[in-house]
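Values reported hereafter were calculated over all heavy atoms of this structure, with side chains retained and with hydrogens, waters and symmetry mates removed. Order of the sequence lines fixes the chain letters, A, B, ..., with proteins taken first and strands second; residue numbering starts at 1 for each chain.
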Number of protein chains: 2
Amino acid sequence: MDSAAARERALDAAEELFYGRGVQSVGMDEVRGTSGVSLKRLYQLFPSKDLLVEAYLERRDTRWRERLAAHVDRYEDPERRVLAVFDRLEEWFAEPDFRGCAWINAHGELGATSPRVAAQVRAHKRAFRAYLARLVAAAGLPDAVAGQLYLLAEGAMVTAGITRTTEPAARAREAAGVLLRAA
Amino acid sequence: MDSAAARERALDAAEELFYGRGVQSVGMDEVRGTSGVSLKRLYQLFPSKDLLVEAYLERRDTRWRERLAAHVDRYEDPERRVLAVFDRLEEWFAEPDFRGCAWINAHGELGATSPRVAAQVRAHKRAFRAYLARLVAAAGLPDAVAGQLYLLAEGAMVTAGITRTTEPAARAREAAGVLLRAA
DNA sequence: ACCGTAGGAGAACGTTCGTTCTCACGTCAA
DNA sequence: TTGACGTGAGAACGAACGTTCTCCTACGGT
C-alpha cells in the first residue's frame, strides 16, 4: 500500500470514527484498527492526532461544499438554486450515518481548547455563508436575506443532529420560501 | 459548610468549567480546586462525574428557561412577547462568558457516547420549542410559525457561539418579524 | 476526658491514551 | 550475499484522569 492510499484509508477511518463518535472518544489505536494503517505509518502521515483531526475536517469541508454545489447546479433558476440548498440539507440529513454538522460538533467538543479547530470551523461556516450570499445575490435579492437563510440552515443542521430527523430541512425550506417572497 | 452549600459551590464550579472549556477537558480535581469542595465530598454529592454533568445541565436548564420567561414576561402584547425571545438571545450572547449553547455543545461533545446527555439535550430543546409554540399560539398564529422561529433561534445560538458576536440575534429577530408579518 | 464520626488534604490505584520504541521481516541495490 | 532501509505488530512509556484510600484533625455527645 503506497503512501497516498494509506493516507486516504487513514482519513476514511478518521472521518468515520471522529464524526460518528466524537474526536475525544476515539483513540489513535482505533483509527489504526479501522484503517488497517499501522501506528508507525499513521504518525508518519500525521505527526499528531491534532493534525489528523485537522486533515479530517479539511477534507470533509472540501467534499461537503462540493456536494452542496453539485446539488445546486442541477438548477438554473436563481431562486430555485437558493432553495436547492435546503433540498441538499434534507438529502444530507437522511444519510444513514448522519450525526449532525461535523463542524458544529467539533466546535462543541474542541472549540474552547483548540484555536486551530475553532478557526477551521469559522472558516467552514464563513465559506458556506459566502456561498449562500452568492446565490442570493444572483437571484437579485438583498444581502440581508442571505444572513437570514444562513441562520435557518444552521438551525436545521443543529436540530436535525439532535432529533435525528430530516424534518427541520423541510421546515427551514418553507421559512426560506416565505423570506424570499417577502424580500 | 453544610451539604447544600457544598452542592451549590460544586455546581457553580462545574458550570463555569464545563461550560467554559467543555466537559471532557475538565477533571474532577479542577472542579475541586475551583469549588473548594473536597474530592470526598464531591463524590458524596455526585457519585460519578457523569452525574455531576447531568446535574450541571439540569440546573442550567431550569435557570436558562426561567430567565427567558422572565424576559418575555416584561411584555404583554402577544406578538411582542414572541419577539422578546430574540431580545433575550441577544442579551445572552452579550454575556462576557458566553460560549454558545451549553446543550448544543454538550451534544457535540457527548451526544454520541452518552445516551443520558443526549436525552437531556433533547428534553431541553423540546421544552424551549414548546415554550415558543405557546407564545406563538397566544399570538393567534399558526403552529408552523413556531417551528420556523425555533430554527432561527437555534441558528442564532450556534452562530453566535462560533463567531462570538451578538449579531445573529438581531438578524434572527428581523427574520422572525418577517415571518410573523407573513403569517 | 473520650470515643465515634465526618471531613479535608492529598497520595495511591487502575485505566486510558497519545506517542515512541523494539524487534523481526521483507525488499532492493551493489 | 549482504547490508541498509522501510514496515508492521505490538510492547512500552509517560501523562492525565476518574475514583478510592490513608491518615490526620476537629467536633458532638456522653
Quiz: residues 121-132 of chain B side-chain donor-acceptor pairs under 3.5 angstrom, not counting sequence neighbours:
| unit_1 | atom_1 | unit_2 | atom_2 | d |
| --- | --- | --- | --- | --- |
| H124(B) | ND1 | D61(B) | OD1 | 2.6 |
| K125(B) | NZ | E154(B) | OE1 | 3.1 |
| K125(B) | NZ | E154(B) | OE2 | 3.1 |

Compile the donor-acceptor pairs under 3.5 Å between side chains in residues 26-37 of chain A and protein atoms, sequence neighbours left out, one pair per line.
| unit_1 | atom_1 | unit_2 | atom_2 | d |
| --- | --- | --- | --- | --- |
| D29(A) | OD1 | R32(A) | NE | 3.1 |
| D29(A) | OD1 | R32(A) | NH2 | 2.9 |
| D29(A) | OD2 | R32(A) | NH2 | 3.4 |
| E30(A) | OE1 | R21(A) | NH2 | 2.9 |
| E30(A) | OE2 | R21(A) | NH1 | 2.9 |
| E30(A) | OE2 | R21(A) | NH2 | 3.3 |
| T34(A) | OG1 | E30(A) | O | 3.1 |
| S35(A) | OG | V31(A) | O | 2.7 |
| S35(A) | OG | R32(A) | O | 3.3 |
| S35(A) | OG | V37(A) | N | 3.0 |

Mind listing the side-chain donor-acceptor pairs of residues 2-17 of chain A below 3.5 Å, one per line with the distance, residues two or more places apart or on another chain?
| unit_1 | atom_1 | unit_2 | atom_2 | d |
| --- | --- | --- | --- | --- |
| D2(A) | OD1 | A5(A) | N | 3.0 |
| E8(A) | OE1 | R59(A) | NH1 | 3.1 |
| D12(A) | OD1 | R59(A) | NH1 | 3.1 |
| D12(A) | OD1 | R59(A) | NH2 | 2.8 |
| E15(A) | OE1 | R59(A) | NH2 | 3.1 |
| E15(A) | OE2 | R60(A) | NH1 | 2.8 |

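Separating the CZ atom of R32(B) from the C1' atom of dC17(D) is a distance of 13 Å, rounded to the nearest angstrom. Atom CD in Q24(A) sits about 15 Å away from atom P in dA16(D), given to the nearest Å. Protein atom CZ of R41(A) is 14 Å distant from nucleotide atom C1' of dA9(D), rounded to whole Å. The CG atom of L42(A) sits 10 Å away from the P atom of dG8(D) (whole-angstrom rounding). When rounded to the nearest whole Å, the span between CG of L51(B) and P of dT19(D) equals 9 Å.
Listed by chain and number, the residues in a side-chain hydrogen bond (donor to acceptor under 3.5 Å, both in side chains) with T163(A) are T165(A) (sequence neighbours excluded).
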For this session: Determine, step by step, whether W92(A) and M157(A) satisfy the side chain to side chain contact (heavy atoms under 4.5 Å, CB included) criterion, reporting the C-alpha distance in whole Å, the side-chain angles of both residues, the deciding distance to 0.1 Å, and the verdict.
Result: CA-CA 9 Å; W92(A) 179 33; M157(A) 288 179 212; 3.8 Å; yes
With the criterion being N/O to N/O and under 3.5 Å, what pairs connect the protein with nucleotides 24-27 of chain C, and how long is each?
none

Check nucleotides 19-21 of chain C against the protein and report each pair of N or O atoms closer than 3.5 Å, with its distance, or say if there are none.
| unit_1 | atom_1 | unit_2 | atom_2 | d |
| --- | --- | --- | --- | --- |
| dT19(C) | OP2 | Y43(A) | OH | 2.9 |
| dT19(C) | OP2 | K49(A) | N | 2.8 |

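Residue V31(B) is out of contact with every strand shown, counting any heavy-atom pair closer than 4.0 Å. Residue contacts for V26(B): at a heavy-atom cut-off of 4.0 Å it reaches the sugar-phosphate backbone alone, with no base atom in range. Residue-level contact check: Q44(A) touches the backbone only, with heavy atoms under 4.0 Å from sugar-phosphate atoms and none from bases.
Counting only distance, with no hydrogens or angles, the side chain of Q120(A) and the backbone of E54(A) share a donor-acceptor pair below 3.5 Å.
To the nearest 0.5 Å, atoms NE2 (H107(B)) and CZ (R99(A)) are separated by 9.5 Å. A distance of 11.5 Å separates CD of E174(B) from CG of L83(B), quoted to the nearest 0.5 Å.
Shown here is R65(A), whose CZ atom has more than 12 heavy atoms of other residues, nucleotides or ligands within 6.0 Å.
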